[in-house]
Amino acid sequence: MIKKFIRKILGVKNGAPRDTSVAVVLGPQEHGIDPKLVSSNAIRVTSSLQEAGFEAFVVGGAVRDLLLGVKPKDFDIATNATPEQVKRLFRRAFIIGKRFQIVHVMFGQDLLEVTTFRGAGADSAPKDEHGRVLRDNTFGLQHEDALRRDFTINAMYYNPATQEVLDYHGGSADIRAKTLRIIGQPEARYREDPVRMLRVVRFAARLNFEIEPHTAAPIAVMAPLINNVPAPRVFDEMLKLLMSGHALACLLRLRKEGLHHGLLPLLDVVLEQPLGVKFVTLALDSTDARVVAGKTVSPGFLFASLLWHQVLEKWTAYRAAGEFPIPALHLAADDVLDSQTEKLALQRKIGSDMRDIWAMQPRFERRIGKSPHKLLEHPRFRAGYDFLLLRCASGEIDAEIGEWWTEFYEGDELNREELLVNGGAAPGAEKKKRPPRRAPRAKLSSGSTGGE
């Protein structure tokens, strides 16, 4: 019975491969999607397009998440309307993109991406010498659009009006089997867009799916093709990967598939060192927890954490060579950021945040005078303080430093004054007695010269 059901989902008859130009239509009872999970704005966009005489469906990752019973974060729409036709239907709609034009439709802060069905024009599209598609604005039919999508689980279309799912490549069966399968010939698809190899890892880690053997087989050999992808695209994909809520699992999967080389150099070295792996694990666990809780995550803090042990290694080397600590730290930061900017196209704001976080670390060791008060006023203090706590928790530095700063940060002025008087001793340690106030000097007589 189970095999018969799967064959029905895949559209297979008598052992023959199914016709991927015809969709298997799944009704509400078969797919089990809860309509309440569908965004009202997504329904508004599909309805407007359908009322204007066009086809329109929720597509891609949103349908995948709906089938998994998860409320999607983003809703993408696919239609047979051209970008210009879509733009005319909505007051706040903007055409973007060069490689393939899409329309962003805005409802307040909610952004929906509307794409026209892509045609089967990849063979004639301009490519680089490695086979990567450079530009492709060919429009087509829905079954051609499904064939152009990367994985079977992302190639389904949901019509909110009829509550039907159109499945061209057996994606619903792969979801049930927790399998990640690429559509078409894997080597050719990876050459068209090497970023798909990173997406395989992200989806496998995030969904806890197994990568289908034929989909996984070429990755280790073809991984160097990612070096031909423009750095901003690689950075965007890495950011999605690290902010997926399963960052550590994604990085470990990157290593397993041989995809980490050139993306985060020396990551292997870091994760093979006891302090390094503990520090990175704590940082990524913290990030994952914030993502799951719906809190914001700072890319600067995240990359500062991942690259800290590279900075630490170079900082130690510069100090051993005779540099003073602070200049040595800045030199180490320059080296690491220069090597990463070329590969990941780190944005200037993110690089600036990383420098601030790193540069604050030596300042936490100065717990006398006005230094702690000045550090509290730093606009990035909270990020630097959280970073300090990670260093303490991993065993890189004495936990007492973090405890002192926690008391100082959370205390009132009297508590802070006592901590400073105590000369930076550990919280709970015996407090030094404040020296008695000196008696005021006697006023000099009007005829005195005051020692002049």
Side-chain angles (χ1 to χ4, degrees), residues 61 73-74 96 104 109 111 113 195 198-199 201-203 205-206 226 229-255 259-267 270-271 276-277 279-312 314 329-330 332-361 378-391 393-394:
K73 291 183 179 180
D74 302 300
I96 66 167
H104 281 174
Q109 296 299 312
L111 183 151
E113 193 170 280
V195 168
L198 297 178
R199 287 166 60 81
V201 170
R202 175 160 60 90
F203 287 134
R206 176 187 164 195
I226 293 175
V229 178
R233 279 204 69 210
V234 176
F235 175 78
D236 287 344
E237 189 59 37
M238 284 297 295
L239 209 53
K240 291 177 183 177
L241 184 148
L242 293 170
M243 295 188 173
S244 65
H246 300 81
L248 183 59
C250 286
L251 286 184
L252 294 175
R253 199 65 184 254
L254 278 178
R255 294 180 70 206
L259 286 168
H260 59 286
H261 296 298
L263 297 175
L264 291 171
L266 304 181
L267 183 62
V270 171
L271 294 179
V277 69
F279 182 87
V280 169
T281 300
L282 287 169
L284 295 180
D285 281 347
S286 174
T287 297
D288 290 345
R290 290 185 66 85
V291 171
V292 171
K295 297 179 179 178
T296 58
V297 176
S298 163
F301 184 89
L302 190 52
F303 281 102
S305 301
L306 288 175
L307 300 175
W308 170 241
H309 276 74
Q310 295 178 34
V311 174
L312 197 59
K314 291 181 179 292
L329 178 57
H330 287 293
D334 288 342
D335 287 350
V336 171
L337 287 175
D338 286 347
S339 66
Q340 289 297 328
T341 299
E342 183 180 351
K343 293 293 183 182
L344 286 178
L346 288 170
Q347 299 166 10
R348 183 176 299 177
K349 174 65 167 61
I350 293 176
S352 176
D353 289 346
M354 293 166 68
R355 286 180 188 277
D356 286 346
I357 291 169
W358 292 336
M360 271 188 276
Q361 299 313 301
H378 195 292
R380 299 287 299 161
F381 170 80
R382 183 57 201 237
Y385 164 73
D386 288 341
F387 197 86
L388 172 75
L389 296 185
L390 282 179
R391 296 175 66 205
S394 70

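Since the structure is predicted, the reported quantities are computational estimates derived from the model, not experimental observations.
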- Message: Before you tell me yes or no, could you show the steps for L251 and R255 under side-chain contact (heavy atoms from CB on, under 4.5 Å), namely the whole-Å CA-CA distance, both residues' side-chain angles and the distance that decides it to 0.1 Å?
- Response: CA-CA 6 Å; L251 286 184; R255 294 180 70 206; 5.9 Å; no

- Message: Between F303 and L242, is the side-chain contact (heavy atoms from CB on, under 4.5 Å) condition met? List the steps.
- Response: CA-CA 9 Å; F303 281 102; L242 293 170; 3.7 Å; yes

- Query: Would D74 and L111 satisfy side-chain contact (heavy atoms from CB on, under 4.5 Å), going step by step from the backbone distance to the final call?
  - Reply: CA-CA 8 Å; D74 302 300; L111 183 151; over 6 Å; no

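Looking at M243 and P299, their side chains come closer than 4.5 Å, going by heavy atoms from C-beta outward.
Between K240 and D236 there is no salt bridge, since no side-chain nitrogen of the basic residue lies less than 4.0 Å from a carboxylate oxygen of the acidic one.
Looking at T287, its side chain does come within 3.5 Å of a backbone N or O of A283 through a donor-acceptor pair. No donor-acceptor distance shorter than 3.5 angstrom exists from the side chain of E237 to the backbone of R233, with no hydrogens or angles considered. Using modelled atom types, no side-chain atom of W358 and backbone atom of W308 make a donor-acceptor pair closer than 3.5 Å.
Note that the CD1 atom of I350 and the CG atom of L337 stand 11.0 Å from one another [nearest 0.5 Å]. We find the CG-CG distance between L239 and L346 to be 9.5 Å, quoted to the nearest 0.5 Å. Taken from CZ in F235 to CG in L241, the straight-line distance is 12.0 Å, to the nearest 0.5 Å. With rounding to the nearest 0.5 angstrom, the CE atom of M360 is 7.0 Å from the CZ atom of R380. In this structure, CZ in R202 is found 13.0 Å from CG in L259, a value given to the nearest 0.5 Å. Atom-to-atom distance recorded for T281:OG1 and L252:CG is 7.5 Å, nearest 0.5 angstrom.
Across all their heavy atoms, K314 and D335 have their closest contact at CD-CB, 3.6 Å. Taking both residues in full, the closest heavy atoms of H330 and A359 are given as CE1-CB, 4.1 Å, listed atom of the first, atom of the second, then distance. For the pair R355 and A333, the tightest heavy-atom approach, listed with the atom from each and the gap, is NH1-CB, 4.3 Å. Summarising the geometry of L248 relative to D288, their closest heavy-atom pair is N-OD2, 3.9 Å, with the distance given to 0.1 Å. The shortest non-hydrogen separation linking G300 to M354 is O-CG, 3.3 Å. Between S244 and V291, the shortest heavy-atom contact is C-CG1, 4.2 Å.
The aromatic rings of F301 and F387 lie perpendicular to each other, with more than 60° between the two planes, well past the 30° mark.
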